[in-house]
Amino acid sequence: MKITFYGQNSLAIEVSGKYILVDPFISGNPLSKDKVDILKLKADYILLTHAHEDHILDAEAIAKNTGAKIVSNYEIAMHYQTKGIDVHPMNHGGNWNFDFGKVKYVNAVHTSSFPDGSYGGQPGGFVIEGEHKNIYIAGDTALTMDMKLIPMQTKLDLAILPIGDNFTMGIDDAIIASTFVDCEKVLGVHYDTFGFIEINHDEAKKKFFDAGKDLMLLEIGESIEL
Ligand code: NI
Ligand code: MN
């Protein structure tokens, strides 16, 4: 499983020969818009955690360019189905076996409206099991006790957690989240894109290190292999 970071919560995952994009927000991200051409991205699936603009901005253009299927909660899936895009609706607690692995849509504590104010369902995160590797993409969320449910069923290899504070968990809560999901290897996301979520990288990494955990922060376009 190869994971590439494109800024904010935008990720590309290559697993079992399939290309998955998560929360594509690139053309409007000052940190990534000049580094990544959305029309060159490959996608078989686009996973959307919730309807906020900093998660869905490029989903429609990429889906129309690639023919990718959008996977999200029911309300977001219907929003894109009316635009002629192929969708797979899910909801909280549900699993589905895709051709690349198993996906579960899990709880997040946040909000979820489209940029025009229309209802985007309840926000979520994804647990993905594929190629004998298991990852948790928290999406935008507060620290929540529901995270403790995840390791009861899935031994995670990587937790992808928001760390930028203000709109989501900050560093201190993400360290607790890492304990709740029983995964000490964390990829930080949802930081630095806007003034409200700028963080000190060295301080963030030191806090994780001092807690016996490993925080990875990737450059735009940088990848890790699991
Ligand atoms: Ni959000
Ligand atoms: Mn966000």
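As the structure is a computational prediction, the values presented were derived from the model and not from experiment. We count ligands from 1, going down the list as the structure has it; atoms in each ligand are counted the same way.
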- Between the Mn ion (ligand 2) and His110, is there an N, O or S atom separated by less than 2.8 Å? no
- Message: Using a distance threshold of 2.8 Å, state whether an N, O or S atom of His55 lies below it from the Ni ion (ligand 1).
- Response: no
- Task: Measure from the side-chain N and O atoms of Thr168 to the backbone N and O of Asp140, and report whether any donor-acceptor pair falls under 3.5 Å.
- Result: no
- Message: Quick check on the 6.0 Å ring-centre criterion: do His92 and Tyr105 meet it?
- Response: yes
- Can you tell me if an N/O/S atom from Asp140 lies under 2.8 Å from the Mn ion (ligand 2)? yes
- Exam field: side chain Asn73 to backbone Gly120, donor-acceptor pair closer than 3.5 Å: yes
- Note on the structure: the Ni ion (ligand 1) -> Asp140, closest N, O or S atom is OD2
- Using the benzene-type ring in the case of Trp, are the ring centres of His88 and Phe98 under 6.0 Å apart? yes
- Message: Nearest N/O/S atom of His52 with respect to the Ni ion (ligand 1), by atom name, please.
- Response: ND1
- Item | Proximal heteroatom of His190 relative to the Mn ion (ligand 2) (N/O/S) | NE2
- Message: Taking the six-membered ring of Tyr45 as reference, does the cationic atom of Lys69 (NZ for Lys, CZ for Arg) lie under 6.0 Å from its centre and within 45° of its axis?
- Response: no
- Note on the structure: Among the N/O/S atoms of Asp54, the Mn ion (ligand 2) lies closest to OD2
- Aromatic ring proximity Tyr191/His201, centre distance under 6.0 Å: yes
- Message: With a cut-off of 2.8 Å, does His55 put an N/O/S atom close enough to the Mn ion (ligand 2)?
- Response: yes
- Message: Salt bridge or not between Asp210 and Lys206? Use side-chain N to carboxylate O under 4.0 Å.
- Response: yes
- Note on the structure: Between His50 atom NE2 and His110 atom NE2, the angle centred on the Ni ion (ligand 1) rounds (to 10°) to 100°
